[in-house]
There are 2 protein chains.
Amino acid sequence: MKTQNIPKATIKRLAVYIQVLTGLKRDGVEVVSSEKLARACSVNPSQIRKDLAYFGEFGVRGVGYYVHELIASIKHSLGVDRVWGCALVGVGNLGRALLRHKEFALRGFSIRAAFDCDPYKIGEIVSGLEVVCTRQLKSRVDELGLEIGIISTPPERAQRAANYLVEGGLKGIVNFAQARIQVPKEITVEYVDFTHHFYSVAFNVSSSD
Amino acid sequence: MKTQNIPKATIKRLAVYIQVLTGLKRDGVEVVSSEKLARACSVNPSQIRKDLAYFGEFGVRGVGYYVHELIASIKHSLGVDRVWGCALVGVGNLGRALLRHKEFALRGFSIRAAFDCDPYKIGEIVSGLEVVCTRQLKSRVDELGLEIGIISTPPERAQRAANYLVEGGLKGIVNFAQARIQVPKEITVEYVDFTHHFYSVAFNVSSSD
DNA sequence: TCGTGTGAACCGATTCACAGCC
DNA sequence: GGCTGTGAATCGGTTCACACGA
């Protein structure tokens with residue numbers, strides 16, 4: 001394992017490799033070469049070998065990669081071979097959908113608390129979780145093992161939600177709100193906006209005419 | 001407008017600029033410099049000027065950019081200053097959440113048809129749309145003005161959904177399914193996977209210890 | 001022989017620095 | 001004077017090409 005600075009793009013691709021490898025495993029494939037995997041992921045074979053080389057030597061020369069082992073190795077490298085405790089802030093339409101989305105738990109991201117500052121929502125049960133006042137966040141962090149925050153508030157309340165999460169000591173944030181947030185630089189933030197993907201498609205379709 | 005090949009990263013950033021500019025407009029800001037905008041977007045000021053230069057000259061030297069005009073110019077450049085007709089394939093949990101998500105329509109992506117191959121779902125009304133057999137897709141394309149396809153099927157059915165969309169003549173696909181798909185190269189595909197963002201956060205938090 | 005792992009070459013995107021214009 | 005627009009320089013990531021090991 002090299003402690004070099006690993007490209008952000010590599011991390012994104014590793015997530016894709018897991019997705020494709022999981023599909024191969026489902027289809028009963030046990031060994032795969034970087035070339036075959038590359039085709040399925042629409043990337044260059046050397047790209048895959050380079051990406052994996054940042055974390056170790058997972059392949060067998062002349063053979064390829066054992067699918068099951070490679071999945072485990074990549075998950076370990078990413079730090080997703082364990083369960084992460086998550087806190088959601090903002091129980092609106094999107095927040096409810098996220099709370100009900102089972103995929104997160106299946107992939108090791110366990111939403112253990114739902115916060116909102118609206119008194120009408122506090123006390124409500126959504127997907128088995130009681131909505132709690134956001135001010136209570138800090139007091140629940142240790143108890144519930146909260147590590148990653150999810151922001152699903154309206155844009156004008158995203159910064160306040162972020163402040164609560166930072167103050168609570170969470171080190172990572174996934175922000176679904178339609179707003180950028182400012183946090184100390186040691187906190188990791190990922191922005192999720194589905195419509196960005198629609199914009200990309202719209203642009204490509206428009207310019208291909 | 002330069003017909004050069006525009007970096008994919010530029011397109012992603014333009015979507016971010018729209019988001020931030022919309023926030024500034026909401027706060028009553030009328031003019032912004034590339035430096036101020038850059039700070040809010042966490043990018044380099046020259047980056048913004050370069051990105052915009054691909055599409056035209058939108059700024060005023062010595063002054064900056066007029067927020068309202070710039071939003072309109074970027075939207076026009078991206079081709080999102082009009083309404084796009086969308087078709088959704090796969091009415092499971094995720095599909096239902098997407099159909100109910102109002103943000104798409106607000107941003108000009110109007111979901112006008114919902115398809116599924118499960119006979120138990122066909123005929124059901126979700127968010128005002130009747131679920132129709134996927135085989136009917138092609139016959140509805142012209143009638144409803146369908147241009148962009150949304151895949152929200154289980155992974156093993158994603159490719160079949162893609163085939164229907166391609167056969168129907170749609171030119172762009174936003175794929176929420178947990179699987180890569182193969183389509184003719186003239187078709188644009190964007191992959192959406194929330195858990196990828198969680199993986200990035202998990203990795204960064206893990207490696208910062 | 002076949003396919004991985006990796007230094008070297010390449011390519012594209014980001015940043016710099018300043019000319020050009022309000 | 002101030003900020004945009006843009007060629008030039010820089011930086012980082014991708015691809016190539018081949019040595020190495022099963």
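Every chain is numbered from 1 and lettered A, B, ... according to where its sequence line falls, protein lines coming before strand lines.
Nucleotide C:dG5 holds its P atom 15 Å from the CD atom of A:E35, rounded to whole Å. Between B:N5 atom CG and C:dG12 atom P there is a gap of 7 Å when expressed in whole angstrom units. Taking atom CZ of A:F55 as the reference point, atom P of C:dT6 lies 14 Å away to the nearest angstrom. Going from atom CG of A:N44 over to atom P of C:dC10 covers 16 Å, rounded to whole Å. The interatomic distance linking A:D51 (CG) with C:dT4 (C1') rounds to 14 Å, in whole Å. The separation between A:I48 atom CD1 and C:dT6 atom C1' is 16 Å, rounded to whole Å. Nucleotide C:dT15 holds its P atom 15 Å from the CG atom of B:L52, rounded to whole Å. To the nearest angstrom, P of C:dT14 lies 13 Å from CD1 of B:I6.
Relative to the side chain of A:E57, the nucleotides C:dG3, D:dT6, C:dT6 differ in distance, and C:dT6 lies closest.
Considering only side-chain N and O atoms, B:Y65 lies under 4.0 angstrom from the phosphate OP1 or OP2 of D:dG5. Put simply, A:S34 has a side-chain N or O that comes within less than 4.0 Å of OP1 or OP2 on C:dT4. Listed pair B:Q47 / C:dA13 fails the phosphate criterion, with no side-chain N or O lying under 4.0 Å from OP1 or OP2. For C:dG3, the OP1/OP2 oxygens have no side-chain nitrogen or oxygen of A:Y66 closer than 4.0 Å. Of the side-chain N and O atoms in B:R13, none sit less than 4.0 angstrom from OP1 or OP2 of C:dA13.
Minimum interatomic distance between A:Y65 and A:L52 (heavy atoms only, all atoms of both residues): CE2-CD1, 3.6 Å. Closest heavy-atom contact between B:A161 and B:I151: CB-CG2, 4.1 Å. Contact record, B:I181 with B:A162: CD1-CB, 3.8 Å, taken as the closest heavy-atom pair.
At a cut-off of 3.5 angstrom, the base of C:dG12 holds no donor-acceptor pair with the side chain of B:K8. Looking at A:K50, its side chain has no donor and acceptor atom pair within 3.5 Å of the base of C:dT6.
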Could you go through residues 79-93 of chain A and list every donor-acceptor pair under 3.5 Å that involves a side-chain atom there, pairing it with any protein atom two or more places apart or in another chain?
unit_1 : atom_1 : unit_2 : atom_2 : d
A:D81  : OD2    : A:H76  : ND1    : 2.6
A:R82  : NH1    : A:E147 : OE1    : 3.4
A:R82  : NH1    : A:E147 : OE2    : 3.2
A:R82  : NH2    : A:E147 : OE2    : 3.0
A:W84  : NE1    : A:G79  : O      : 2.9

Worksheet item: Hey, mind stepping through A:S34 and A:R49 against side chain to side chain donor-acceptor pair (under 3.5 Å) and telling me if it holds?
Response: CA-CA 7 Å; A:S34 61; A:R49 299 200 295 273; 3.0 Å; yes

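The number of heavy-atom neighbours closer than 6.0 Å to CD of A:E35, taken from other residues, nucleotides and ligands shown, is 12 or below.
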Between the protein and nucleotides 17-22 of chain C, which nitrogen or oxygen pairs are less than 3.5 angstrom apart?
unit_1 : atom_1 : unit_2 : atom_2 : d
C:dA17 : N6     : B:R49  : NH2    : 3.2
C:dG20 : N3     : B:R61  : NH1    : 3.1

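B:L94 has its side chain within reach of B:F194: a pair of non-hydrogen atoms, C-beta onward, lies under 4.5 Å apart.
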